[in-house]
Amino acid sequence: MPPLWLIGVVVLSTILCTGAFAAAWAERDRGRPPAAAQSGSPAASASPSPSPTPSLTPSRAPVSATVTVDRNGVAGVLPANALGLSYEADQLVLSPGFAPDQGNLKNLMRTLGVGNLKIGANALDSYTFWNPAGDAVPGWAKAPIGHAEIDRVALLSAATGWPVELGANLARLDVARIADEAQYVKARLGSNLLAMECGNEPNGYPGYSRPADWGYAQYLADWDACTNAMAGAGVPIAGPNTYNNVWIGDFARDRHSRVVFLTDQPYSLSQHNNTGHTITGLLAPENLRNDVTAMAPALAAARQYGLPLRHDETNSVNLGGLAGVSDVYGTSLWAVDYTLSQLQAGVSGLNFHSTLGVCDRKEQDGRPRIYTAMCALTDADRQAGRLAPRPLYYGMLMVALMGTGTFLPATVSTQHNLTAYAVKGSDGKTRVTLVNKEPTTAAPATVALNTGQPAGTKASVIRLAGSALDSPEDITLAGATVKPDGTFTQGPAELATTTGAGLTLTLPGGSAALITL
């Protein structure tokens, strides 16, 4: 039998080694997810629910989604003029500005198909002054306009097929000038004049261009004076062009017989309440739901009186947009999702506010138009009318490639930030757009798509892709980019054939796909 002192040493050494091993093992496991969440475990088959602001460096756990299209259902209309652009009225005086024979604006508009051109916004009431006779200009009038400016717009409208919405200054109401302007606008634009409007966001007039107690009743009296002045020209009229759903229900009730459609100006996110917005917040599922919910009162008013509702000024973040949110690749995905969700809900079209000026440069109101669909990269480009497409433009272009038709109900089953829209096209083809709004570093989604079509149906796939949600660079659509002259030729599509179960598609994080069957 060994001596007692030797037994004690062995026991003590065993205890010390065991403790050290346990400590080392515990240190090794720190930060590791629970066993049930590791790859190959039962919980790994389901992705976590999306958060309001998903991480840019998420888990690469497998993702799956099932999309089922109801070919016998109807879920709305995708009209021909769904897309549009909106501009500040003081840009009428830019040269070449809206001229169709200089620069690439004409081609950039044509590339988007048949759209809608809105000219108005805050500059309408703040700076523009109808002055074809060359009268003395008031001090506030930074942009006196006349026949030449309307002529340029008329030529652009004729060259692109885009009808025009044009505003008249209501904040500084002058019925004689409004009547004269309406006469000339109607004469030059003819059937290409979609509508004229009186003022911009008049619910913001109190304390600005009207007394603080000026309200809806006073607005209606001014609006009547404005539209009565236009009556002799026989121009179609739209309104009320307000924001935050203010007055639109009352206006529809009181003046529905005098307008051809209703207009409002929603933005997805507001800088009034929060300047800490992010691209992931813009793409969050609840933000999409909030956008659809927010327009419900205006849409209900439009439906009640049988009028279309158009968001004739809209974009990602108001007050010019935010750098890193409104000018990055993630905005391309947002534009696809926002546009299709609004159209499917019943909105007749959307005009994305933009600029003909230099990218990110402050304009007369002290704000840059960060959210613009296109802009000039340099002063020389602006003077030549050469505009570069921004991320928003690529999202609009993908929507344009959906064509026109009738929305079909599309049910999405997934725990990831993925949406789907299906359209039975006017050409008889079925098109499905899938939008994966997870970061580009996320694991690809494997999407099982069932359109109810027979096995052997031919399909083509084009994709919208970018390097990172928060990057403004490296955006492609169908493997191509818009050419410097504003034209676009897509690359070859991926080809597939349906089986009895439909199609299975791999959709990387931070990408979208358009499937045509």
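Treat the numbers as computed from the prediction; the structure is a model and nothing was measured.
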Would you name the heavy atoms of [X] and [Y] that are closest together and state the gap between them?
X: L477; Y: L401; answer: CD2-CD1, 3.9 Å
X: V358; Y: C375; answer: C-CB, 4.4 Å
X: L85; Y: W162; answer: N-CZ3, 3.8 Å
X: T339; Y: L83; answer: CG2-CD2, 4.0 Å
X: S157; Y: N192; answer: OG-CB, 3.2 Å
X: N436; Y: L333; answer: O-CD1, 3.9 Å

Side chains of [Y] and [X]: any donor to acceptor distance under 3.5 Å?
X: T372; Y: Y87; answer: no
X: R369; Y: S354; answer: no
X: S316; Y: T331; answer: no
X: N351; Y: N116; answer: yes
X: T419; Y: D337; answer: yes
X: Q453; Y: T451; answer: yes
X: D264; Y: H311; answer: yes
X: T446; Y: S64; answer: no
X: Y267; Y: E313; answer: yes
X: E88; Y: H353; answer: yes
X: E197; Y: T263; answer: yes
X: Q91; Y: T355; answer: yes
X: S268; Y: D291; answer: yes

message: Salt bridge or not between D254 and R258? Use side-chain N to carboxylate O under 4.0 Å.
response: no
Cationic N near anionic O, under 4.0 Å, D360 to R367: no
[X] versus [Y]: any side-chain heavy-atom pair under 4.5 Å?
X: E165; Y: I119; answer: no
X: T487; Y: V482; answer: no
X: L434; Y: I515; answer: yes

- request: Take N318 and Q271, measure what side-chain hydrogen bond (donor to acceptor under 3.5 Å, both in side chains) needs, and give me the verdict at the end.
  value: CA-CA 6 Å; N318 69 345; Q271 294 191 64; 4.6 Å; no
- prompt: Do Y338 and W334 have their ring centres less than 6.0 Å from each other?
  reply: yes
- request: Classify the ring geometry between F407 and Y421 as parallel (under 30°), tilted (30 to 60°) or perpendicular (over 60°).
  value: perpendicular
